[in-house]
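Atoms within each ligand, like the ligands themselves, are counted from 1 in listed order. Just so you know, residue 1 is the first one in the sequence shown, and it goes up from there.
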Amino acid sequence: MSDEEPILSVDNLQTVFYTDRETIRAVDSISFDVRLGETVGIVGESGSGKSVTARSIMGLIDAPGRIEPESSITFDGQELTDLSEAQYQSIRGSGIGMVFQDPQQSLNPVYTIGNQIRESLRINRDITGKEAIEEATNLLESVGIPDAKRRLDEYPHQFSGGMRQRAVIAMMLACDPDFLICDEPTTALDVTIQAQILDLLKELQEERNLSILFITHDMGVIADVADRVNVMYAGQIVEQAPVEELFENPRHPYTRALIDSIPGEHSRKEGLQTIEGSVPTPNEPADYCRFAPRCPKAFGACDKVPPQHVSVSDEIDHTAACLLYPEGEPESSRIETHLAKGDGTEDDT
Ligand SMILES: Nc1ncnc2c1ncn2[C@@H]1O[C@H](COP(=O)(O)OP(=O)(O)OP(=O)(O)O)[C@@H](O)[C@H]1O
Ligand code: NI
């Protein structure tokens, strides 16, 4: 496989929760790729569908949630959406590891850290006995836990928050994954510790040629870790671009608002900007722009025409789903473009 080929492809993913009261389109037709060895970010406010995306990839959507049949997720060439639970367990054991915001979710409080890492080594790599103790020690050392051998005998509560997250990462590495999904792994940690964990992930990525899907609501963290970024809003991806391009040349009004609300960016001049209002629950079909009610640039058509991804750069792979584009065209022709793409009748030129 070449470095340019995606290891993970998400295509038209739709994850819907059918609750008694409403139908929530938590992930509403999103598509993106992750290539070998790169870090792809998903960023957006609370409720935008980031975690549901991660859980869909991991096969962790339970009733009343469902991945709709038109959706496709391929990992290493294999379609994941039609795997059985047993097949999925082996993917989770060896192919894809996941690190959550709360390390407690991955650690069992009644077993020592060493026990848990050794158990993972036994199940996933058939390593036992003395060899397992050695490998567990190596793993703890490789995630920067000092005095690793002794700390294997400690329980999760004896670790600080940052050390606990390191231990979870060591446990993930015990499965020798190719792919890591990190869902807000540093959100609960203070800033210094957060930076250390991000550095650790970068180091491990280089050593192991890991591919990473990194989820956060924090644009500052995205700028630091991601190679390419998907900006998510109310279940949809609204902009996709390489990270430098996204910050130098944000095109979707939502991305601009997120960048303006980074602490420090504008705070000297005009005080911290925040986006007024919150993400709506996506409980009706998206036949309009879901950001329009909060958008400073919205015009009449935004309430009636669903925006499609259009290219916003001649040189760079950069798209935005917004009726302001293609830029420079009159409103009527832009609307035509979006309607045609939405129908699937456009000729793809
Ligand atoms: N089990 C569920 N049942 C019903 N709705 C759900 C369920 N899980 C998630 N949702 C809904 O799906 C939408 C997306 O939620 P999700 O947790 O993916 O957001 P997020 O972007 O990860 O937000 P945060 O930054 O707060 O973690 C929300 O409207 C949420 O209420
Ligand atoms: Ni989340």
Side-chain angles (χ1 to χ4, degrees), residues 8 10 12-32 34 39-68 71 73 81 85 96-106 165 168 180-189 194 197-198 201 212-226 229-240 252 254-255 257-259 261-263 274-275 277-286 288-291 293-294 321:
L8 180 84
V10 171
N12 191 26
L13 175 63
Q14 301 169 49
T15 308
V16 182
F17 293 95
Y18 295 93
T19 72
D20 291 340
R21 282 191 319 145
E22 53 188 356
T23 299
I24 302 176
R25 296 167 166 81
V27 173
D28 201 355
S29 305
I30 69 166
S31 302
F32 65 92
V34 182
T39 299
V40 168
I42 299 184
V43 68
E45 291 164 286
S46 186
S48 53
K50 306 179 298 293
S51 296
V52 173
T53 301
R55 284 168 41 215
S56 302
I57 297 169
M58 294 298 283
L60 298 173
I61 299 296
D62 298 318
R66 193 175 93 187
I67 294 182
E68 297 295 305
S71 313
I73 303 169
T81 53
E85 179 53 27
I96 311 181
M98 183 144 178
V99 181
F100 299 94
Q101 171 173 341
D102 180 8
Q104 317 278 32
Q105 224 173 315
S106 319
Q165 199 58 296
V168 169
L180 217 51
I181 298 180
C182 301
D183 189 354
E184 308 261 11
T186 61
T187 303
L189 305 172
Q194 173 170 322
I197 299 283
L198 297 180
L201 286 170
I212 299 180
L213 181 64
F214 197 102
I215 291 173
T216 176
H217 64 276
D218 187 331
M219 280 302 246
V221 170
I222 278 292
D224 187 16
V225 299
V229 185
N230 300 293
V231 180
M232 221 172 155
Y233 188 82
Q236 300 176 312
I237 291 174
V238 297
E239 183 158 9
Q240 295 183 304
H252 197 287
Y254 181 56
T255 312
L258 284 179
I259 292 176
S261 62
I262 301 174
T274 51
I275 316 171
S278 56
V279 181
T281 302
N283 56 5
E284 45 186 296
Y288 58 96
C289 173
R290 287 188 175 139
F291 186 59
R294 298 169 78 192

Give me the nearest non-hydrogen protein atom to atom 13 (C) of ligand 1 as residue plus atom name, then the distance to 0.1 Å. Ala26 CB, 3.8 Å

Numbered atoms and elements of ligand 1 in range of Ile24, under 4.0 angstrom, heavy atoms: 5 (N)

Here the pair of heavy atoms bringing Met58 nearest to Ile96 is SD-CG2, 3.5 Å

Among all protein non-hydrogen atoms, which one is nearest to atom 23 (O) of ligand 1, and what is the separation to 0.1 Å? Gly47 N, 2.8 Å

Considering both backbone and side-chain atoms of Val52, is one of its nitrogen or oxygen atoms within less than 3.5 Å of a nitrogen or oxygen in ligand 1? yes

Answer with yes or no whether Gly44 contacts ligand 1, where contact means a heavy atom under 4.0 Å from a ligand atom. no

Is there a polar contact between ligand 1 and Ser46, counting only N or O atoms under 3.5 Å apart? yes

Distance under 4.0 Å to a non-hydrogen atom of Ser51: what atoms of ligand 1 satisfy this? 17 (O), 18 (O), 20 (P), 22 (O), 27 (O)

Check the angle between the aromatic planes of Phe291 and His252 and answer parallel, tilted or perpendicular using the 30° and 60° thresholds. tilted

State, with a plain yes or no, whether a side-chain heavy atom of Gln194 is found less than 4.5 Å away from one of Asp218. yes

For Ser48 and ligand 1, does the shortest N/O to N/O distance drop below 3.5 Å? yes

Confirm or rule out an N/O/S atom of Ser51, from backbone or side chain, lying less than 2.8 Å from the Ni ion (ligand 2). yes

I'd like to know if the side chain of Glu184 and the backbone of Ser51 have a donor-acceptor N/O pair within less than 3.5 Å. no

Can you check side-chain contact (heavy atoms from CB on, under 4.5 Å) on Glu68 and Asn12, steps first, answer last? CA-CA 9 Å; Glu68 297 295 305; Asn12 191 26; over 6 Å; no

Starting from atom 21 (O) of ligand 1, which protein heavy atom do you reach first, and at what distance in Å? Lys50 NZ, 2.8 Å

Around atom 8 (N) of ligand 1, find the nearest protein heavy atom and jot down its residue, atom name and distance. Phe17 CZ, 3.6 Å

With Tyr254 as partner, the option from Glu239, Arg290, Glu45, Arg294 fulfilling side chain to side chain donor-acceptor pair (under 3.5 Å) is Glu45

Minimum heavy-atom separation for Gln236 to Asp28, with atom names? CG-O, 3.7 Å

Find out whether Tyr18 and Val16 are in side-chain contact, i.e. whether some heavy atom of one side chain is under 4.5 Å from a heavy atom of the other. yes

Shortest non-hydrogen contact from Ala54 to Ile215? CB-CD1, 3.6 Å

If you scan the protein for heavy atoms around atom 30 (C) of ligand 1, do you find one that is closer than 4.0 Å? no

Are any of the N/O atoms on Gly49, whether in the backbone or the side chain, positioned under 3.5 angstrom from an N/O atom of ligand 1? yes

